[in-house]
S.K.: 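Quick one: the structure is below, questions incoming.
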Protein chains: 2
Amino acid sequence: MKYKTKQKELILQFLKENKDKCLTVKEIKTNFDLKQIIIGQTTIYRYLSNLEEQGIISKYINNVDNSSSYQYITDDCHLHFHLKCIKCGKIIHLECLKLNDLEKHIIEKHDFKIDNFKTVIYGLCSKCK
Amino acid sequence: MKYKTKQKELILQFLKENKDKCLTVKEIKTNFDLKQIIIGQTTIYRYLSNLEEQGIISKYINNVDNSSSYQYITDDCHLHFHLKCIKCGKIIHLECLKLNDLEKHIIEKHDFKIDNFKTVIYGLCSKCK
DNA sequence: CTAGTTGCAAAGAGTTTGCATGGCG
DNA sequence: CGCCATGCAAACTCTTTGCAACTAG
């Protein structure tokens, strides 16, 4: 990834504009299709993998259909966990000291380093319960 | 699923014998192939979905290749979370009062009911750190 | 000009569906 | 004997790979 191209610029910009959402490759593709901007899905997959390796975005696995979602990482994301509702798919960014406690506890007592980006806590949100 | 068949019996038995493991469809299929017992993968998929709906087994998503694993649910599984190492794929069953605290806290303060079966905490295990 | 990047098409992998055959009750 | 379950093959979806054309530097 040595060259700067229009496609990469556009994809990154779109991810930044949707920091609060987890986007699938399909959603990203459709966004550009509608604007009549041609970006091959191959390019999207390749660039997203690259961004993930660089630690710029985070990849999530969707428990419903085994597809993947990607999300731009903001600094404050480092401090929180993600809750995802099994029913409606809503993602809740939870900032809570309890979770930092848990993280500390698990690394100290169980010798396991939690990855906040990969980890998604599944369950039912207030509406779907 | 009204009839009792040999295939169902064999699949369930195999899951029970491997309560401590998360099994993929491939692993289940291969197990029977080696024993020269013919069970179509379709049957395995269908029966596993059915068992999951009944709450007898739990389905996990593998972050590496987007495939699924299935595991027989034992009573004590209700009391713990699963940690999964991103590198080596090892699954650790963590029974810890801290987690029960967390569960209680999240439902009381954040109105979110955690699903212990679906939730997998990703990170690095002691060996891979 | 040179080498990295793109986009199409095709290949792969995991999963689901359609349908004729087979087996439970 | 009727209806459900099975297993094969084909369809489907998501993702990756091969390759010729394109383009940034």
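Reckoned from all heavy atoms, side chains included, excluding hydrogens, waters and symmetry mates.
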S.K.: Please give, in whole Å, the distance from C:dT6 P to A:F32 CZ?
M.R.: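 One finds 12 Å between P of C:dT6 and CZ of A:F32, rounded.
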S.K.: Between the two ends of the helix from C:dC1-D:dG25 to C:dG25-D:dC1, what is the bend in degrees, rounded to 10 degrees, where each end axis spans five pairs?
M.R.: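 Rounded value for the end-axis angle: 30°.
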S.K.: If you assign each of A:I39 and B:V25 to its closest nucleotide in DNA chain C, which residue comes earlier from the 5' end?
M.R.: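 Result: A:I39.
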S.K.: Rounded to whole angstroms, how far apart are OH on A:Y45 and P on C:dA9?
M.R.: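 Interatomic distance, OH of A:Y45 to P of C:dA9: 17 Å.
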S.K.: Please enumerate all residues that pass salt bridge (charged side-chain N to carboxylate O under 4.0 Å, His left out) together with A:K113, with sequence neighbours excluded.
M.R.: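 Once residues adjacent in sequence are excluded, the partners of A:K113 under the salt bridge (charged side-chain N to carboxylate O under 4.0 Å, His left out) criterion are A:E103.
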S.K.: Could you tell me whether the side chain of A:T24 has a donor or acceptor atom within less than 3.5 Å of a complementary atom in the base of D:dC14?
M.R.: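 No.
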S.K.: For residues 43-53 of chain A, dump all side-chain donor-acceptor pairs below 3.5 Å to protein atoms at least two apart in sequence or in another chain.
M.R.:
| unit_1 | atom_1 | unit_2 | atom_2 | d |
| --- | --- | --- | --- | --- |
| A:S49 | OG | A:Y45 | O | 3.1 |
| A:N50 | OD1 | A:Q54 | NE2 | 2.6 |
| A:E52 | OE2 | A:K118 | NZ | 2.8 |

S.K.: Who pairs with B:D111 by salt bridge (charged side-chain N to carboxylate O under 4.0 Å, His left out), at least two apart in sequence or on another chain?
M.R.: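 Listed in chain order: A:K129.
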S.K.: Side chains of residues 8-16 of chain B: which donor-acceptor partners sit under 3.5 Å, not counting sequence neighbours?
M.R.:
| unit_1 | atom_1 | unit_2 | atom_2 | d |
| --- | --- | --- | --- | --- |
| B:K8 | NZ | B:Y3 | O | 2.8 |
| B:Q13 | NE2 | B:E17 | OE2 | 3.0 |

S.K.: For A:I28 and D:dT15, give me the distance from atom CD1 to atom P, rounded to whole Å.
M.R.: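 One finds 11 Å between P of D:dT15 and CD1 of A:I28, rounded.
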S.K.: Residues of residues 46-55 of chain A with any non-hydrogen atom less than 4.0 angstrom from an atom of DNA chain D: list those, numerically ordered, please.
M.R.: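 Nothing qualifies; none.
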S.K.: B:Q41 CD to D:dC8 P: how many Å, rounded?
M.R.: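 Distance, rounded to whole Å: 9 Å.
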S.K.: What's the verdict on side chain to side chain contact (heavy atoms under 4.5 Å, CB included) for A:L99 and B:L102, showing C-alpha distance, side-chain angles and the deciding distance?
M.R.: CA-CA 8 Å; A:L99 290 170; B:L102 177 77; 3.5 Å; yes
S.K.: Taking only residues two or more places apart in sequence or in another chain, which ones pass salt bridge (charged side-chain N to carboxylate O under 4.0 Å, His left out) with B:D115?
M.R.: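 Applying salt bridge (charged side-chain N to carboxylate O under 4.0 Å, His left out) to B:D115 gives none.
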S.K.: Walk me through it: do A:Y72 and A:I56 pass the test side chain to side chain contact (heavy atoms under 4.5 Å, CB included)?
M.R.: CA-CA 6 Å; A:Y72 191 82; A:I56 292 169; 3.7 Å; yes
S.K.: Using whole Å, report how far CG of B:D33 lies from P of D:dG7.
M.R.: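 It is 11 Å, rounded to the nearest whole Å.
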S.K.: Quick one: what's the B/S/- string for nucleotides 20-25 of chain D, heavy-atom cutoff under 4.0 Å, read 5' to 3'?
M.R.: ----BS
S.K.: In this structure, how many angstroms lie between the C1' atom of C:dA13 and the CD atom of B:E27, rounded?
M.R.: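 B:E27 atom CD is separated from C:dA13 atom C1' by 15 Å.
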S.K.: So, using side chain to side chain donor-acceptor pair (under 3.5 Å) as the criterion, who are the partners of A:K104 when residues are at least two apart?
M.R.: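 A:K104: no side chain to side chain donor-acceptor pair (under 3.5 Å) contacts found.
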S.K.: For a quick test of reading the model, state the closest non-hydrogen atom pair linking B:C125 to B:I92 and the distance between them.
M.R.: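 So the two residues come closest at CB-CD1, 4.3 Å.
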S.K.: Could you check which residues of residues 11-22 of chain A get a heavy atom under 4.0 Å from DNA chain D? Sort them by number, please.
M.R.: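 Listed by number, there are none.
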S.K.: Which of these nucleotides, C:dT17, C:dG14, D:dT15, is closest to any side-chain atom of B:K26?
M.R.: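 Nearest nucleotide to the side chain: C:dG14.
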S.K.: Can you list everything that forms a side chain to side chain donor-acceptor pair (under 3.5 Å) with A:K21? Sequence neighbours excluded, please.
M.R.: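 So A:K21 forms a side chain to side chain donor-acceptor pair (under 3.5 Å) with A:N18.
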S.K.: Show your working on side chain to side chain contact (heavy atoms under 4.5 Å, CB included) between B:H105 and B:H110 and close with a plain yes or no.
M.R.: CA-CA 7 Å; B:H105 171 85; B:H110 305 285; 3.3 Å; yes
S.K.: Whole-Å distance between D:dT6 P and B:E9 CD?
M.R.: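 Rounded to whole Å, this separation is 12 Å.
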S.K.: Nearest whole Å is fine: how far is D:dC4 C1' from B:Q7 CD?
M.R.: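 To the nearest whole Å, that distance equals 12 Å.
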S.K.: Run the side chain to side chain donor-acceptor pair (under 3.5 Å) test against B:K29 and tell me which residues pass, sequence neighbours left out.
M.R.: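 Checked B:K29 against side chain to side chain donor-acceptor pair (under 3.5 Å); matches are B:D33.
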